[in-house]
Colleague: 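Could you have a look at this structure, given as structure tokens, before my questions?
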Amino acid sequence: MSFLSPLFFTYLLVMPLAVIAFGLWLWRYMNRMAYAPEKSILFTVIAMICLTFITFTLGTKLNRARISAHTPSEITPENPPEQTTKQATDRTLPTTPVQTQEKVVPPENSHSDQAEYPSGENQPIVANMTEEDRLRLFETQNFPGLYEQRLALGREIKDLEDFFRSINELVKHTPKQRPLLKDIALIRKNGYDQLVQRNISVSQHLRDFWVHYNTGNSHDAIKKFNPIADQLTKKIKETRGQLLENKRREAQVISNYMSKAGGSLKNHAIPATQAGRITAYTRQNRQLITDWLSSKGSVNIPDVLNNLVQQRTLINNRIKQIQSFRQRYPDLNSQLSRTEKLWVQAKESNYYAEYRLLFAAETRYVVEYMNLAGNTADKRLDAELNTYADAIASHAEQALEKAEQAYKPASVQ
């Protein structure tokens with residue numbers, strides 16, 4: 001028996017008497033002082049309450065120390081038994097196991113057919129370990145192949161979750177790439193769902209085994225789980241291997257979008273589906289792409305884009321001036337109407353030229369930013385951008401010159 005038990009019981013006998021004796025002494029002492037009886041009583045009662053609280057607190061701590069000395073256990077007051085099993089979820093991901101010094105205790109009356117299997121008593125005793133910690137530690141020691149595959153599965157799930165957060169943030173800065181990013185996200189989501197479902201299934205099998213191991217014959221539980229562990233390891237590998245097919249699909253989607261962007265660089269005619277609907281990139285979005293192009297060592301394309309912005313400023317000013325003249329000189333409406341139409345066409349050509357260059361460069365930026373590049377389609381689009389940038393700028397300039405020569409004064413009669 002620990003010395004704490006006699007000390008605790010002595011404390012229970014002595015302290016109440018000590019508190020009562022102190023109260024009586026304090027009462028007599030207060031009566032000798034020049035205080036009103038009511039104040040003496042109030043002060044004595046307050047002092048007795050404080051002393052009783054202190055005595056009770058010290059007794060409680062002494063009792064806990066006495067119980068701990070008699071009952072060594074991995075379950076502490078901070079982790080009561082009813083709470084150790086509440087942290088398991090269907091999507092439990094493995095983490096690095098707790099590094100401990102294992103204390104091996106050979107099982108009594110062991111038989112030759114059981115000696116190769118660990119028993120529950122062989123597990124190291126570590127303070128504050130949850131059931132999940134014990135299961136994880138047991139798994140790393142006895143099913144390392146399964147544990148490594150579960151670690152890899154957990155990392156891929158986390159990587160995909162980070163990817164979704166990144167792609168949602170990226171679409172805010174590159175809204176015109178939403179269709180491409182959406183298609184990629186759908187492919188990744190399909191793979192993510194497969195990984196999560198596999199993780200749920202494996203976690204359920206592990207918990208099923210752990211309950212059997214702890215509530216039944218541990219040797220029998222391991223015998224039955226060994227082939228299941230091999231199957232689970234194989235299933236995880238198969239599920240992870242299916243992501244390779246998703247990556248091939250993803251690469252094909254990217255290639256298709258890049259081919260479409262490259263094709264638009266070669267054709268100056270505005271598609272019927274985009275006629276009158278082409279809008280300029282925002283200043284922030286344009287700056288993002290031009291900065292990226294500059295970081296890649298491109299000089300020609302940023303210069304072309306800057307010239308297009310300057311030309312568009314001139315075009316907008318001319319259109320406003322023509323509209324003002326149409327209101328001021330209604331008799332010249334016929335000539336001004338035709339002139340305004342050509343200036344509007346010059347504006348559309350300018351927008352379409354900028355749109356094609358920015359869209360193609362932005363496609364490359366998005367693919368690189370999401371770490372999706374490295375294929376031949378990206379290299380081909382880069383080459384097409386540098387090849388056709390000057391031709392695109394020239395076509396926009398021709399539309400501007402045509403608008404500048406549009407107005408024709410009436411001939412003298």
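This is a predicted model, so every value here is computed, not measured.
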Colleague: Could you check whether Lys176 pairs with Glu362 (Lys NZ or Arg NE/NH1/NH2 to Asp/Glu carboxylate O, under 4.0 Å)?
Modeller: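 Salt bridge flag = no for Glu362 with Lys176.
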Colleague: Looking only at non-hydrogen atoms, find the nearest pair between Ala261 and Thr363 and report the distance.
Modeller: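 Taking every non-hydrogen atom into account, CB-OG1, 4.5 Å.
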Colleague: May I ask you to decide if Lys320's main-chain N or O and Ser324's side chain share a donor-acceptor pair within less than 3.5 Å?
Modeller: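 No, Ser324 side chain to Lys320 backbone: no donor-acceptor pair under 3.5 Å.
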Colleague: Salt bridge check: are Asp162 and Arg165 linked by an N-O gap of less than 4.0 Å?
Modeller: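 Yes, this pair counts.
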Colleague: Hydrogens and angles aside, do Asp193 and Gln197 bring a side-chain donor and acceptor to less than 3.5 Å of each other?
Modeller: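 There is no such pair between these side chains.
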Colleague: Looking at residues at least two apart in the chain, or sitting in another chain, which of them share a side-chain contact (heavy atoms from CB on, under 4.5 Å) with Ala399?
Modeller: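 Ala399 satisfies side-chain contact (heavy atoms from CB on, under 4.5 Å) with Ala346, Ser349 only.
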Colleague: CG of Asp208 to OG of Ser203: how many Å apart, nearest 0.5 Å?
Modeller: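 Output value for this atom pair is 12.5 Å.
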Colleague: Might you confirm whether atom CZ of Arg188 has over 12 heavy atoms from other residues, nucleotides or ligands at distances under 6.0 Å?
Modeller: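 Atom CZ in Arg188 is packed in, count exceeds 12.
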Colleague: Nearest heavy-atom pair of Leu308 and Asn350: which atoms, and what distance?
Modeller: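 Looks like O-ND2, 2.9 Å.
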Colleague: Considering non-hydrogen atoms only, spot the tightest contact between Thr339 and Ala403 and give its length.
Modeller: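 Answer, listing the atom of Thr339 first, then Ala403: CG2-O, 4.5 Å.
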Colleague: Should the heavy atoms of other residues, nucleotides or ligands under 6.0 Å from CD of Gln327 be counted, would the total exceed 12?
Modeller: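 Count not over threshold, so no.
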Colleague: Go through the steps to decide whether Arg155 and Lys158 satisfy the test side-chain contact (heavy atoms from CB on, under 4.5 Å), and finish with yes or no.
Modeller: CA-CA 5 Å; Arg155 284 193 296 267; Lys158 183 180 182 302; 5.8 Å; no
Colleague: For Asn199 and Leu195, indicate whether the former's side chain and the latter's backbone hold a donor-acceptor pair under 3.5 Å.
Modeller: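 Here the side-chain-to-backbone pair does not exist.
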Colleague: Give the minimum heavy-atom separation between Asn246 and Gly191, together with the two atoms involved.
Modeller: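 So the two residues come closest at ND2-CA, 3.4 Å.
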Colleague: How many angstroms lie between atom CG of Asn190 and atom CD1 of Ile187, to the nearest 0.5 angstrom?
Modeller: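 The distance works out to 8.5 Å.
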Colleague: Hey, are Glu139 and Arg136 close enough for a salt bridge, meaning a charged N less than 4.0 Å from a carboxylate O?
Modeller: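 Salt bridge between Glu139 and Arg136, a charged N being under 4.0 Å from a carboxylate O: no.
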Colleague: Quick one: sort the Phe209 and Phe225 rings into parallel, tilted or perpendicular, breaks at 30° and 60°.
Modeller: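 Parallel: the ring planes of Phe209 and Phe225 meet at under 30°.
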Colleague: Starting at CD of Gln149, measure out to CG of Leu232 and round the result to the nearest 0.5 Å.
Modeller: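 Atom-to-atom, Gln149:CD and Leu232:CG are 11.0 Å apart.
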Colleague: Could you verify whether a donor N or O on one side chain and an acceptor N or O on the other, from Asp133 and Thr130, lie under 3.5 Å apart?
Modeller: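 Short answer, yes.
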Colleague: Would Phe359 and Tyr355 count as a ring pair (Phe, Tyr, Trp, His ring centres under 6.0 Å) if you check the C-alpha gap in whole Å, the side-chain angles of each, and the deciding distance to 0.1 Å?
Modeller: CA-CA 6 Å; Phe359 185 82; Tyr355 174 84; 5.5 Å; yes
Colleague: Does any donor atom in the side chain of Gln252 or Asn256 lie under 3.5 Å from an acceptor atom in the other side chain?
Modeller: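 Side chains of Gln252 and Asn256: pair found under 3.5 Å.
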Colleague: Does Tyr257 form a side-chain contact (heavy atoms from CB on, under 4.5 Å) with Val367? I'd like the steps, not just the answer.
Modeller: CA-CA 11 Å; Tyr257 272 90; Val367 170; over 6 Å; no
Colleague: Measuring from atom CG of Asp230 to atom CG of Asn226, what distance do you get when rounded to the nearest 0.5 angstrom?
Modeller: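 Between atom CG of Asp230 and atom CG of Asn226 there are 7.0 Å.
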Colleague: Hey, does the side chain of Asn285 reach the backbone of Thr174 with a donor-acceptor pair shorter than 3.5 angstrom?
Modeller: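 Looks like no, no N/O pair under 3.5 Å.
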Colleague: To the closest 0.5 Å, what do you measure between CD (Glu348) and CD (Gln345)?
Modeller: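 Rounded to the nearest 0.5 Å, the CD-CD separation comes out at 7.0 Å.
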Colleague: Are Lys224 and Asp220 close enough for a salt bridge, meaning some N to O gap below 4.0 Å?
Modeller: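 Result for this pair is yes, salt bridge flagged.
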Colleague: With side-chain contact (heavy atoms from CB on, under 4.5 Å) as the criterion, how do Tyr352 and Ser264 come out once you've worked through the C-alpha distance, each side chain's angles and the decisive distance to 0.1 Å?
Modeller: CA-CA 10 Å; Tyr352 190 51; Ser264 69; 4.2 Å; yes
Colleague: For side-chain contact (heavy atoms from CB on, under 4.5 Å), just list the numbers for Phe143 and Leu206, CA-CA rounded to whole Å, side-chain angles, deciding distance to a tenth of an Å, and then say yes or no.
Modeller: CA-CA 11 Å; Phe143 308 105; Leu206 275 171; 5.7 Å; no
Colleague: Any cation-pi pair here, Lys189 with Phe164, using under 6.0 Å and within 45°?
Modeller: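 No, cation not above the ring by the 6.0 Å, 45° rule.
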Colleague: State, to 0.1 Å, how close Arg356 and Asn267 come at their nearest heavy-atom pair, and which atoms those are.
Modeller: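 That closest heavy-atom pairing would be NH1-O, 3.0 Å.
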Colleague: Roughly how far apart are Glu397 CD and Glu404 CD, rounded to 0.5 Å?
Modeller: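 These two atoms lie 8.5 Å from each other.
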Colleague: Can you name the nearest heavy-atom pair linking Gly23 to Met48, along with the distance?
Modeller: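 Nearest pair, atom of Gly23 first, then Met48: CA-SD, 3.2 Å.
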Colleague: Could you walk me through whether Tyr369 and Trp292 pass ring pair (Phe, Tyr, Trp, His ring centres under 6.0 Å), step by step?
Modeller: CA-CA 10 Å; Tyr369 182 86; Trp292 178 77; over 10 Å; no
